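Remarks on the structure that follows.
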Amino acid sequence: MGCDHTLIDLALVNARILTDHGLIKGGIAINDGKICSIDPEEHLPKAFTTINMQGNLVLPGLIDVHTHLRDLNLEHKEDFYSGTCAALAGGFTTVLDMPNTVPLTDSALRLQAKMAVASGRIVANTGFYTCLPAEVTELKRLKDLGAMGCKVYLHNPHTMLDVDDDNVLLHTLQVLEDLDMILTIHAEDRYLIEDLVAKFQAAATSSPRIRSKTHPPQAEVKAVQRVLSLIRGRCPRLHFCHISTGKASSLISQAKVEGLSVTYEVTPHHLFLSETLLGKVGSLAFVEPPLRRSTTRRGLWRDLLTGSIDVVASDHAPHALKEKRHSDLWAVPSGFPGLETTLPLLLTMVARGKLSLERLVAVLARNPARIFRLDGKGVIAAGFDADLTVVDMDKEFIIDSSAFYSKAKYSPFDGMKVVGQPVQVFLGGNLVMDKGEVVSKPGSGTILRPSLPAVG
Ligand code: DOR
Ligand code: ZN
């Protein structure tokens, strides 16, 4: 596809553009919200507006498949506007919002109500997950309305369906397969965790370490094994969230080799942090699954570099600071913000020569778009949406959560020195973030729905 207009809307010039064919120096021609060509500057068509990229790196707009925007009734933690501003500031053009909200997103009516509120508030492209509804028949309505996928929390089900029962889970998987809907899974074994919580609570001992021990590596491994054994011989679309152990990572990789249509993500916190942080920042670092040992963390890096990990997702899970500092450690919610730290952390590894830009773009844009069927996204090429993330690779800075757009102004990464900063973001050819500032209006984001599968 070329530019069949003599005057196009926008030309981005003096850029280093990361395409599927490598890094190209030149410009991007944009018309009607789409990329129409990538060319040396002298071959670009005339444009109504031209913006000089100052030699910065232009990446496909990044996609976070695991974001908790919290709206509707948890607005004190985050809302659609603050959360999607955090996305843009962090270089993400698209987020997929998790359904464990208040109320839960678990019916077509509730999803519709959520979308209605979101449409006036979002500034980034936003898709929505649903929890498993009380009746599996509701899944068809949810799909027709545009649910991007279905999420199940095996350790804390958030559904009336008895997903502890293999037959129920299997039937649900069958319905999802027939609907061609993806199931994303928080894989931790509920019973193992509940037993440990009961044991430690009865002993009336608590410390950040002890609380963390209630989510042992075996809980993840057991849940992953259970799901993988259920789907052998079947073909549902399955995506494992925030895998945190080497064993689970290798089990899923092996299942992929055997031909199962499974994918998985890891988070920046499991890649960059380890459990020793609990001794330094205490309950602030609580997250599920918890931070693991350094050796585990290094193993995940190996799996990221070899290509077996499909996606890096922020698991942006904001809570009020007061909640994170609750004096009763068992009452502290898990999770912390991640949208504004994920890209700089990974770019730092690129700057150090530890991670290739191609791999970064694969796990933050290309693979998410493919797995969640976000047609027209994840790649810089003619015909694709002009969702772009511009990065200054020379910019060094210290992570400072007080400057976050997220309402959660704390981070386990606070004080960390990073290299590489998102400086501009374009959404459908519109400049929406400039030098760290969101410059678009609430409601200017688009609600995404999954595309139909490609034929052939
Ligand atoms: O740490 C977490 N926080 N893990 C989850 O699975 C849920 C999330 C949240 O919603 O806060
Ligand atoms: Zn989550």
Side-chain angles (χ1 to χ4, degrees), residues 64-79 83 86-87 92 95-106 127-132 148-159 163 183-190 193-194 197 208 211-212 214-215 219-220 223-224 239-245 248 264-271 273 275 277-278 281-292 311-324 326 329-339 341-342 368 372 406-408 410-413:
D64 188 34
V65 306
H66 194 145
T67 310
H68 296 265
L69 294 176
R70 304 291 191 211
D71 230 328
L72 305 161
N73 291 332
L74 295 172
E75 281 174 280
H76 68 286
K77 296 178 195 256
E78 196 78 290
D79 61 42
F92 289 94
V95 294
L96 301 187
D97 179 45
M98 283 292 164
N100 61 335
T101 45
V102 178
L104 283 178
T105 312
D106 62 355
F128 296 94
Y129 291 102
T130 172
C131 282
L132 283 173
M148 295 297 309
C150 197
K151 170 88 185 263
V152 65
Y153 298 79
L154 291 178
H155 70 313
N156 180 11
H158 292 311
T159 173
V163 290
L183 181 68
T184 66
I185 305 180
H186 182 132
E188 286 190 280
D189 183 81
R190 182 146 88 99
I193 292 170
E194 285 178 359
V197 170
R211 159 112 184 229
S212 197
T214 59
H215 288 248
E220 178 172 281
V224 167
H239 177 80
F240 287 98
C241 301
H242 43 53
I243 288 301
S244 64
T245 63
Y264 69 118
E265 71 194 31
V266 295
T267 68
H269 42 276
H270 292 116
L271 287 169
L273 305 175
E275 60 184 2
L277 195 70
L278 287 166
V281 302
S283 56
L284 204 93
F286 284 175
V287 63
E288 289 167 13
L291 301 180
R292 307 290 189 194
V311 172
V312 172
S314 78
D315 196 0
H316 179 79
H319 297 284
L321 185 57
K322 202 168 76 190
E323 297 165 340
K324 292 293 288 183
H326 199 292
L329 286 183
W330 298 105
V332 175
S334 291
F336 35 72
L339 282 169
T341 47
T342 297
F372 290 88
S406 171
K407 290 184 185 178
Y410 56 87
S411 168
F413 298 106

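In this chain, residues are counted from 1 in sequence order. Predicted, not measured: the structure shown is a model, and the values here were computed from it. Counting convention: from 1, in listed order, for ligands and their atoms alike.
- Contact between R70 and E78 at its shortest, heavy atoms only, is CB-O, 3.5 Å.
- Protein heavy atom closest to atom 10 (O) of ligand 1, with residue, atom name and distance, is N100 ND2, 2.8 Å.
- Annotation for Y153 and P99: closest pair OH-CD, 3.9 Å, computed over non-hydrogen atoms.
- In summary, H186 places no N/O/S atom under 2.8 Å from the Zn ion (ligand 2), failing the contact criterion.
- At least one donor-acceptor pair closer than 3.5 Å links the side chain of T342 to the backbone N or O of G338.
- When each of F413, F336, F286 is tested with H269 by the rule ring pair (Phe, Tyr, Trp, His ring centres under 6.0 Å), just one qualifies, namely F336.
- Here the protein heavy atom with the shortest distance to atom 3 (N) of ligand 1 is S334 O, 3.0 Å.
- In this structure a side-chain-to-backbone donor-acceptor pair under 3.5 Å is present from T214 to R211.
- For the pair H186 and ligand 1, the shortest N or O to N or O distance falls below 3.5 Å.
- In this structure, E220 and H242 approach most closely via the heavy-atom pair OE1-O, 3.7 Å.
- Counting only distance, with no hydrogens or angles, the side chain of H270 and the backbone of P290 share a donor-acceptor pair below 3.5 Å.
- In D315, the N, O or S atom that comes nearest to the Zn ion (ligand 2) is OD1.
- Counting atoms of ligand 1 from 1 in the listed order, those under 4.0 Å from a heavy atom of V287 are 1 (O).
- What sits closest to atom 8 (C) of ligand 1 on the protein, heavy atoms only, is H68 NE2, 3.8 Å.
- Not one N/O/S atom of H242, from backbone or side chain, sits under 2.8 Å from the Zn ion (ligand 2).
- Distances below 4.0 Å separate heavy atoms of H319 from the following atoms of ligand 1: 11 (O).
- Within the structure, ligand 1 has R70 among the residues with a heavy atom less than 4.0 angstrom away.
- Distance alone, capped at 3.5 Å, is enough to place a donor-acceptor pair between the K407 side chain and the E75 backbone.
- In terms of protein heavy-atom proximity, atom 4 (N) of ligand 1 is closest to E288 O, 2.9 Å.
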